[in-house]
Each structure stands twice: as structure tokens, then as C-alpha cells.
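For reference, the structure discussed in these notes is given below.
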Amino acid sequence: MSDAAPWIKLYAEGQPARITAEYPNALAMFEAAVQRAAERPALLYFDGSLSYAELDRLSDALACGFIARGVGRGDRVALFLQNLPQFVIALIASWKAGAIAVSINPMNRERELGLLLADCQPKVLLCQDNAHEIVAAALQTNPVELLITTSSLDFQQRDDARVLDARLRQSPPPRLPGSLDFRALIERHAGSQPPPQSFAPDDTALLVYTSGTTGLPKGAMNTHGNLTFTAQVYRDWIKVREGAPVLAIAPLFHITGLIGHIGLSLLNAAPLILCYRFEPGVMLDALREHQPEFTIGAITALIALMNHPDARSDSLASLCAIYSGGAPIALPVVEQFEARFGLYIHNAYGLTETTSPSTVTPLNRRGPVDPAFGALSVGVPTFNTEVRIVDTESGATLGPGTAGEIMIRGPQVIAGYWNKPKETAAALNDGWLATGDIGALDAAGWLYLVDRKKDMINAAGYKVWPREVEDVLYAHPAVREAAVVGVADAYRGETVKAVLSLKPGHTLAAEEVIAFCKARMAAYKYPRIVEFLPELPKTATGKILRRELR
Ligand code: AMP
């Protein structure tokens, strides 16, 4: 990257074009936080709190529990959890045991969970006790050596009125056969310390699953170097100060939560505020109680905060900055939000494959709106990052103002996909990531997203791959042909629509299709709209034309 690149000028006011990662790995970053801020709160969960020293002790004990069960260097530890303290404890314990943490969407159903377990073959699976049916079913074909269950109530005080799953206290779900209790395992190893671990920047820290055109999940290998660099991007670009509380609006399993919440707070030895899962009223309560200084979340979450009856003009007053990424942001929403709370939403663009941020709106700058595409800019390339636009046919680099596929190179780009050399080679070339997004740069270096090359549907930041939903639809005995497309939706941005033709002599109602899918996939994926056609449009070679249906 040349230092003369136009976007460097854009944020060079007081900022360097490049930064150097301070820590070789995420564990060293955490240990430095414990060293300098042992008594500072690390995790706040409703009325429960854990200091950095306690987080260190609990993760030491859990790591010893893992090691005693044979977990070692490079083994996978899968986390199937909501935004709970246990997520962070187990993440750090995985690294202390030399392992790779795998974050799994807690909305997944047994089929989806089973696919991930088969792919990464973890030695350990950590899950909530209320997910026992899904887990038990998925484990039948994909057993793990160590199954740990935990309760969402474990780190709350008993008298907290905001407890989300209070029913669990009255009648805890049945214990999964062969499982160990999270707290009991920690108690058994309390006071023990695992042997020291060191990781090189190239070592894999996380597997974060994304889907793809084939519908099969791919584990993005986010390295320790990716993670420490992007945590620092959040800190240095947005100027989030040491110890500044961070509110976790995004789910922790997603790359935004992993870096923009966990990574950033570990780097800054800061309290991370966890609220189980996104409920706008609970978030507003947490904002009042804990006065966070930073958050990042999907635009639909910010819209939900804005429209909640408890929201007041000063509800977000403690925040120094707010960022949003993961899904398109409409300018009127940014304006309404600013009018309501006095905070400008800074747009940021990234992928799981870029370990969260790759282009970011500079702090206190307003992203321009492109006159040709009408889109709000997703920012400028962040530190050490190159962005190039290429012609989707020829691969030639295109100049400003011309749309093509967005290519990204920088210290945040993943090493590849777990055990998927073909997919890795297709996505990565000489360090450049082919994003599958169509966009354009302007002459000043601002990036605009225009379209998508990939068929992916973006429903409120949750990515849905048509092929996966179609595969489930084809399992229905009445379905002859199925195509799944994204259609515009006022709240979710896009929503999932299924277009079906039926086998002769069969009838099927839309509600039956929806119920069939709902039982087999995470709630954000199942079709909300179903349409029946006698025949689906196809190419001469018989390929269904999804684009035409869209
Ligand atoms: P994920 O791997 O779930 O983070 O999804 C990455 C995809 O989200 C990108 O390839 C984009 O299509 C989309 N995306 C991310 N950030 C933005 C943004 N600021 N505006 C619009 N779409 C975005």
C-alpha cells in the first residue's frame, strides 16, 4: 500500500496509516490485562460481576479440567452459548489449554449443529442446559469426549428481577447423559494452573463458521494475529480508552461480538456488559446501569433500541461512539437515530473472513452518500489495509467510481478455511480476499457497497445461504423444485422467500412449508414468505434462475 493512497489523507489527521500489533496472541493480551487491572470488573452480567483476577482463576481451573480430559494443542473446543460469562471464561480456557475455540450460533438446530460438529470434530462441547434436546440429537452422530452443560442463571445473583429464564430455576432441564456441570468442573480444579502456552501470530485462535454457495458450513480460521490486530483497530481507530465499558449488543459467537466486544475489552482491560441475548428493554436497562462507552451492533438492533417505549433522549448518553456493521444502513435511519439520541451511527464493513473490520468510518467523520448508487459509505480502509475493486469477469483493477468485486488484503484476513483447501484457494490469492461483495471506491477512498455477487441473503445481519434452505425444502415429500431468494423487508432489510413447485398430485399450504423449515433450522433462516409456481424459471441447462425470481 502506498502511503500516498488518498484514503490515508482522510484519516491521517493525528493518526498513523499503519499500526503494529502490540501482542503476538490473544492470551498474552488477556494476561497483560490481568497484570495491570486484576481487580477491575471484566464481565458484568445482570447483577453479577467477575473481576479480571476472577476471570483468570476460573479460566485456569477450566483449562486444567480440559487438559485432564486430554485436550491439547490444536484441539477444538466448541462453544454453543448465548452472551454468557461462561462464553468468555471458556474461550480463554481453550487458549490456556492450547486449543482452538469454535463459536457456534446458539440459534442453530440439531441439523446445523451436527454439520459443524462433523466438520471441526471438537473434543469438548459447551452448551446451555436448556439446549439439551438439540445437543442430544446432534451428538448421536457426532459424539464428543467432554460435554459440559451450564445454566444461564449461573453468574447472576439470585434475586435479580430481570432474569430471563427464571423458569429454569423452578424446573431445571434434565441433565444430558454423560455431561459435566460447568461450575462443578471448575470447582474440581480450583487453584490449579495450566502450563504456560504461547502462540505465534499465525496460529489459529478461532473457528468461526460461515456458510457458502454449497450450503455447507466453512470454518474461517481466525488467527491470533488477526484477532490482536483487529482488537487494536477498534481501540486505536475509534479511540476507545483503557477500561471503558463495552456493551455487547452483537452475539458473541459472531465475529463482531468476538472482536468488537470480547477482543476490544480484553485489550483495554475493560468491563464487558453481557445481557444473554438481544432484548431492547434489557439493553436500555444495562445502558442505564453500567454506562458503557462503546458498542457496535447490527442496524436492526439499533432500530429496536430507538423504537422501544423506554428509550429516552439520554439513554445512550454514556456512549462516546456507536458503530454498526454487517448489514446495509439506510441514511434516514442514521438521521432518525441522531435526532433521537444525539449520536451519529458510524458505518463499518467487514466479514468473518476479515476478522471484523476492514473499512471503517473514521471517528467523528460522516460517511458520504454516493450520488450514483445512493448508498451510505461503509468507511475507508482501516490501518494496514488495502482495498481494490476488480472487474468480475476479467479480474482487472478498476478505478474510482466503477463498481466491481471488493478485494481486501491486510493483517485481518484469515489464513483459510478449516480443512477446505479448494474453498480457501477460491477465496484467497496472494493475501487478497475475494469478498463476493460488489462495491466502488470514490476518488477520496470511501467505499460503497452496491450489490452482492454471492446469492447470500442478509436478514438483519444474519446471513442466509439459499442453498442450505433449499436443501431442507427438497427433503419435503411434496416439493418438486425449490428456490430461495431474498426480498426487501422493512425491518430485517431482507427476508427469506421460498418459491416452490410441487410434485403432481400433491398439495401444500404455505404454513406447512414454514413449519417444516422452522423445525429444521435456526429461526432467522426459515422462509417467511412462500409462493407456489407450476414451474420455476430455468436456464437452458436446467439451472434454476434465482436472480430472475428475485
Ligand atoms: P459476516 O461474515 O456474517 O460478517 O458477513 C459479511 C457480509 O456482511 C459482507 O460480505 C457483506 O455482504 C455484509 N456486510 C458487512 N458489513 C456491511 C455494511 N456495513 N453494510 C452492508 N453490508 C455489510
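Residue indices begin at 1 and follow the sequence shown. Read the numbers this way: they start at 1 and go in the same order the structure lists the ligands and their atoms. Computed from heavy atoms alone, side chains included, the values below leave out hydrogens, waters and symmetry copies.
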Contact atoms of ligand 1, heavy-atom distance to Met456 under 4.0 Å: 12 (O)
Parallel, tilted or perpendicular, as decided by the 30° and 60° cut-offs, for the rings of Phe294 and Tyr323: tilted
Atom indices of ligand 1, in the order listed, that fall short of 4.0 Å to a heavy atom of Pro328: 20 (N), 21 (C), 22 (N)
Structural part of Thr256 in contact with ligand 1, heavy atom criterion under 4.0 angstrom: neither
Between Trp95 and Phe199, ring centroids under 6.0 Å: no
Pair Gln128-Tyr276, side-chain donor/acceptor within less than 3.5 Å: yes
Top protein contact for atom 13 (C) of ligand 1, by heavy-atom distance: Gly326 O, 3.6 Å
Ser324 N/O under 3.5 Å from ligand 1 N/O: no
Residue pair Glu468, Arg111: steps toward the salt bridge (charged side-chain N to carboxylate O under 4.0 Å, His left out) verdict: CA-CA 11 Å; Glu468 189 187 351; Arg111 183 189 58 83; 3.1 Å; yes
Check: Arg452 N/O within less than 3.5 Å of ligand 1 N/O: no
Lys/Arg N to Asp/Glu carboxylate O, Glu22 vs Arg235, below 4.0 Å: yes
NZ/NE/NH1/NH2 to OD/OE distance under 4.0 Å, Arg452 and Glu494: yes
For His254, the ligand 1 atoms whose distance to one of its heavy atoms is below 4.0 Å: 1 (P), 3 (O), 4 (O)
Ligand 1 contact on Leu449 by region, counting heavy-atom pairs under 4.0 Å: side chain
Asp437, portion touching ligand 1 at heavy-atom distance under 4.0 Å: side chain
Atom 6 (C) of ligand 1: nearest protein contact (heavy atom, Å): Gly350 O, 3.6 Å
Which of the ligand 1 atoms, numbered from 1, are nearer than 4.0 Å to a heavy atom of Ala348: 16 (N), 18 (C), 19 (N)
Ion pair Asp489/Arg528, N-O distance below 4.0 Å: no
Protein heavy atom at shortest distance from atom 2 (O) of ligand 1: Thr352 OG1, 2.7 Å
NZ/NE/NH1/NH2 to OD/OE distance under 4.0 Å, Lys525 and Glu112: yes
Check ion pair Asp119-Lys420 (N to O, under 4.0 angstrom): yes
Nearest option to atom 20 (N) of ligand 1, as decided by whichever heavy atom of Ser356, Gly379, Ala327 sits closest: Ala327
SB check Arg409 Glu386 (cutoff 4.0 Å): yes
Closest protein heavy atom to atom 7 (C) of ligand 1, given as residue, atom name and distance to 0.1 Å: Lys463 CE, 3.5 Å
Which of the ligand 1 atoms, numbered from 1, are nearer than 4.0 Å to a heavy atom of Val378: 18 (C), 19 (N), 20 (N)
Heteroatom distance test (Glu353, ligand 1): nitrogen or oxygen, under 3.5 angstrom: no
